[in-house]
Amino acid sequence: MSHNQCKSISALFLSLILILSLSCSAFATNSFTETKTFTTSTKPFKYDFKKSIEKDGQTYKLDKVIYKEKKKTPVTRVTERTATFKEYDRYKYRQGQPFELNEQEYIIKKVDVEDTTITERRQAINHSTVYGYSTEDPVIPTSVEVDYLDPYSKEMVIACGDIKNIDKTPPEWRNDVSIPIVVYNTNGQYYKIGNTLVRSETPLEDMLTKQDDILKDLSLDIEKYNLTSFSWTSGEYTNEDGIKCRNVQATGARYVSHYTANYVAEDVPFPNCPGHQLTVYYDTNDIDVGKYEYLVEAQGFYIPEEKSNTPVIVGTVAAGAAGCFLLWWFAFNNITFYKDSKRVYSTKIHKGIVKADKLQSYESLTAVISKEYVKKHPKQDVSVISNGKVIKTITIPVSQDKYILEI
C-alpha cells in the first residue's frame with residue numbers, strides 16, 4: 001500500500017473517531033434530570049415520572065429514578081377520650097378550657113353534667129392553735145379534738161388531730177409590757193413593792209433604778225424583761241387591811257417568740273352530700289406505632305431515545321471496525337458525574353481506572369456507571385483518580401444493573 005493510501009486511511013479513521021466522539025459527547029450532554037419532592041407513608045418510595053418527554057424536537061426516555069429521604073415523621077392519630085369526675089361545683093370544667101390529667105394538659109371539647117350523690121367522702125382536717133407571744137415555750141399537747149363544719153353537707157365533723165409541727169418565730173424585743181403594781185406606804189418615807197423599798201420623795205425614779213429587784217419580786221426573768229417607765233394610776237388610798245396604798249403602772253418590752261401549734265386529722269370520714277358527675281370529652285394525639293410519613297426527593301434521569309434507523313457509515317472495513325469498537329467502548333464503559341442533578345462530566349473506564357482531574361473543584365458529586373458496564377464487570381473495583389491520587393474506590397455489586405454513588 002502506498003504512502004498516500006495509508007495517509008488517506010488514517011485520515012478517514014481519525015474522522016470516524018471524531019464523529020463518534022462528538023456523537024457520544026452530544027448524547028451525554030443532552031441528558032437531563034427532573035427533581036420532585038413529595039410525601040408518602042409507604043415504602044419503597046415511588047414517584048410516577050413520565051416515561052418519555054419531548055424537548056426541543058428530541059425524545060427523551062426515563063433511564064432511572066433516585067430517591068432521597070429528607071425527613072421522617074411519626075404518624076399520629078386523633079382519638080376522642082372521656083374522663084369522669086364527681087365534683088361539688090357543676091361549672092368546674094368548661095368547654096374550650098384546658099384541664100390537666102395524668103400530668104398532661106388537654107383542651108375540653110364538651111362537658112356532660114348529671115346530678116348525683118357524692119359518697120365515701122374522706123379527707124384530712126387541719127387545725128391550728130395560736131399561743132401568741134411568749135418569753136417561754138408554752139406547754140403544747142400532742143393531740144387535740146378538732147371540729148369542722150362541712151360546707152357541702154352542712155354537718156359538723158369531729159375528729160382527733162395529732163400534732164404535725166410547731167411554728168416558732170425568731171425571738172425579738174416586743175414593746176407590749178404593761179404591769180399594774182400596788183405599792184404600800186411605810187412610815188410616810190418609803191413605798192414598798194414586794195421586798196423592795198423606794199423613797200417616797202422620788203418613788204418613780206427609784207423604781208427605774210431598782211427594776212431588776214422589782215422584776216424578781218414580780219417573778220419575772222430580768223434577761224427577758226426591760227421596764228422603761230412607771231406612772232401613777234391612782235392617788236393614795238387605804239385598803240381593807242387598813243394599809244395605805246397607791247397604784248402604779250409599769251411599761252416596757254419583753255424578749256418573746258410567737259407560737260402556733262398545727263394539728264392534722266388524717267382520712268376522716270365525711271357524710272354524703274349532693275354533687276355533680278361531670279363527663280369531660282377531649283382529644284389526644286397518639287403515635288401510630290411503626291408508621292411514619294416521609295418527605296422524599298425524587299430525581300428522574302432522562303436520556304435521549306435511541307433512533308430506530310441508525311445511520312450507516314460507509315468506509316473501509318478497517319474504518320468500520322474501528323468505529324464499532326469505539327461505539328461499543330463509549331456505550332458500555334461510560335461513567336457520568338452529576339452535581340445537583342446536572343451533568344458536569346462524562347468519561348470512560350479503562351481497566352478499572354477513571355481519570356477525573358477536571359473534578360477537583362467539586363466538593364460533592366453523584367457518579368453513575370452505565371448498566372452495561374456493571375453487568376460486564378461485577379464486583380470490579382473502579383478507582384477514581386484526580387491529579388494522580390485515588391480519591392474514591394467503587395466496588396460494583398453483582399445485584400445492581402447500574403451503580404450510583406455520592407462522592
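Hydrogens, waters and symmetry mates are skipped; everything else that's a heavy atom, side chains included, is used.
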- Could you walk me through whether Glu205 and Lys210 pass salt bridge (charged side-chain N to carboxylate O under 4.0 Å, His left out), step by step? CA-CA 9 Å; Glu205 294 81 351; Lys210 296 183 177 182; over 6 Å; no
- Looking only at heavy atoms, which two atoms of Arg90 and Asp115 are closest? And how far apart?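 Closest heavy-atom pair between Arg90 and Asp115: NH1-OD1, 4.0 Å.
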- For the student: nearest non-hydrogen atoms of Asn185 and Tyr190, plus distance: OD1-O, 3.5 Å
Any donor-acceptor pair under 3.5 Å linking the side chain of [X] with the backbone of [Y]?
{"X": "Tyr152", "Y": "Pro271", "answer": "no"}
{"X": "Gln211", "Y": "Leu227", "answer": "yes"}
{"X": "Asp56", "Y": "Gln58", "answer": "no"}
{"X": "Ser134", "Y": "Pro138", "answer": "no"}
{"X": "Ser257", "Y": "Thr169", "answer": "yes"}
{"X": "Thr76", "Y": "Asn285", "answer": "no"}
{"X": "Asp288", "Y": "Arg77", "answer": "no"}
{"X": "Ser200", "Y": "Gln189", "answer": "yes"}
{"X": "Tyr67", "Y": "Tyr47", "answer": "yes"}
{"X": "Asn239", "Y": "Gly242", "answer": "yes"}

How about [atom1] on [X], more than 12 heavy atoms from neighbouring residues, nucleotides or ligands closer than 6.0 Å, or not?
{"X": "Lys109", "atom1": "NZ", "answer": "yes"}
{"X": "Ile287", "atom1": "CD1", "answer": "no"}
{"X": "Tyr91", "atom1": "OH", "answer": "no"}
{"X": "Lys192", "atom1": "NZ", "answer": "no"}
{"X": "Glu80", "atom1": "CD", "answer": "yes"}
{"X": "Phe270", "atom1": "CZ", "answer": "yes"}

Contact between [X] and [Y] at the side-chain level, heavy atoms closer than 4.5 Å - yes or no?
{"X": "Ile166", "Y": "Ile140", "value": "yes"}
{"X": "Ile163", "Y": "Val264", "value": "no"}
{"X": "Arg174", "Y": "Tyr133", "value": "yes"}
{"X": "Leu295", "Y": "Phe38", "value": "no"}
{"X": "Thr251", "Y": "Thr228", "value": "yes"}
{"X": "Asp112", "Y": "Glu114", "value": "no"}
{"X": "Tyr263", "Y": "Lys164", "value": "no"}

Checking [X] against [Y]: charged group under 6.0 Å from the ring centre and within 45 degrees of the axis?
{"X": "Arg246", "Y": "Trp232", "answer": "yes"}
{"X": "Lys72", "Y": "Tyr292", "answer": "yes"}
{"X": "Lys224", "Y": "Tyr255", "answer": "no"}

- So Tyr259 and Asp137, side-chain hydrogen bond (donor to acceptor under 3.5 Å, both in side chains) or not? Walk me through it. CA-CA 8 Å; Tyr259 295 85; Asp137 291 342; 2.4 Å; yes
- Dump the intermediate steps for ring pair (Phe, Tyr, Trp, His ring centres under 6.0 Å) on Tyr184 and Tyr191, then the final yes or no. CA-CA 5 Å; Tyr184 302 95; Tyr191 286 107; 9.8 Å; no
- Any chance you could lay out the side-chain hydrogen bond (donor to acceptor under 3.5 Å, both in side chains) test for Tyr148 and Asn126, step after step, and finish with the verdict? CA-CA 9 Å; Tyr148 176 77; Asn126 293 294; over 6 Å; no
- Item | Candidate pair Thr42 and Thr40, rule side-chain hydrogen bond (donor to acceptor under 3.5 Å, both in side chains), full reasoning | CA-CA 6 Å; Thr42 59; Thr40 181; 3.2 Å; yes
Rounded distance [0.5 Å steps], [atom1] in [X] versus [atom2] in [Y]:
{"X": "Gln97", "Y": "Ile107", "atom1": "CD", "atom2": "CD1", "result": "9.0 Å"}
{"X": "His258", "Y": "Glu172", "atom1": "NE2", "atom2": "CD", "result": "10.0 Å"}
{"X": "Glu223", "Y": "Thr135", "atom1": "CD", "atom2": "OG1", "result": "12.0 Å"}
{"X": "Gln299", "Y": "Phe49", "atom1": "CD", "atom2": "CZ", "result": "8.0 Å"}
{"X": "Thr82", "Y": "Lys110", "atom1": "OG1", "atom2": "NZ", "result": "10.0 Å"}
{"X": "Glu236", "Y": "Thr238", "atom1": "CD", "atom2": "OG1", "result": "7.0 Å"}

- Message: Please identify which of these residues, Ile222, Thr196, Asp221, Asn226, meets the side-chain contact (heavy atoms from CB on, under 4.5 Å) condition with Leu215.
- Response: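 Answer after filtering Ile222, Thr196, Asp221, Asn226: Ile222.
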- Note on the structure: Of Asp286, Asp283, Leu101, the one forming a side-chain contact (heavy atoms from CB on, under 4.5 Å) with Arg81 is Asp286
- In this structure, which one of Ser229, Ser178, Ser231 forms a side-chain hydrogen bond (donor to acceptor under 3.5 Å, both in side chains) with Gln249?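 So, applying the side-chain hydrogen bond (donor to acceptor under 3.5 Å, both in side chains) to Gln249 and each of Ser229, Ser178, Ser231, only Ser178 qualifies.
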- Message: With a 6.0 Å cut-off on the ring centroids, do Phe85 and Tyr93 count as close?
- Response: yes
- Item | Intermediate values then yes/no, side-chain contact (heavy atoms from CB on, under 4.5 Å), Ser41 and Lys291 | CA-CA 7 Å; Ser41 58; Lys291 294 185 178 181; over 6 Å; no
- Task: Please assess Tyr106 against Tyr282 for the test ring pair (Phe, Tyr, Trp, His ring centres under 6.0 Å), listing each intermediate value before the final yes or no.
- Result: CA-CA 7 Å; Tyr106 304 97; Tyr282 63 99; 4.8 Å; yes
- Query: side-chain contact (heavy atoms from CB on, under 4.5 Å) between Lys244 and Tyr237: does it pass, once the steps are laid out?
  - Reply: CA-CA 6 Å; Lys244 291 180 179 181; Tyr237 63 90; over 6 Å; no
- Task: Determine, for Lys46 against Asp48, whether the closest basic-nitrogen to carboxylate-oxygen distance falls under 4.0 angstrom.
- Result: yes
- Message: Does Phe301 form a side-chain contact (heavy atoms from CB on, under 4.5 Å) with Leu62? I'd like the steps, not just the answer.
- Response: CA-CA 6 Å; Phe301 290 79; Leu62 182 65; 5.8 Å; no
- Task: I would like to know whether Asp167 and Asn262 meet side-chain hydrogen bond (donor to acceptor under 3.5 Å, both in side chains); could you show each step before the answer?
- Result: CA-CA 8 Å; Asp167 294 330; Asn262 300 305; 3.0 Å; yes
- Message: Please determine whether side-chain contact (heavy atoms from CB on, under 4.5 Å) holds for the pair Met207 and Val183, giving the CA-CA distance in whole Å, both sets of side-chain angles, and the decisive distance to 0.1 Å.
- Response: CA-CA 11 Å; Met207 291 180 192; Val183 297; 3.9 Å; yes
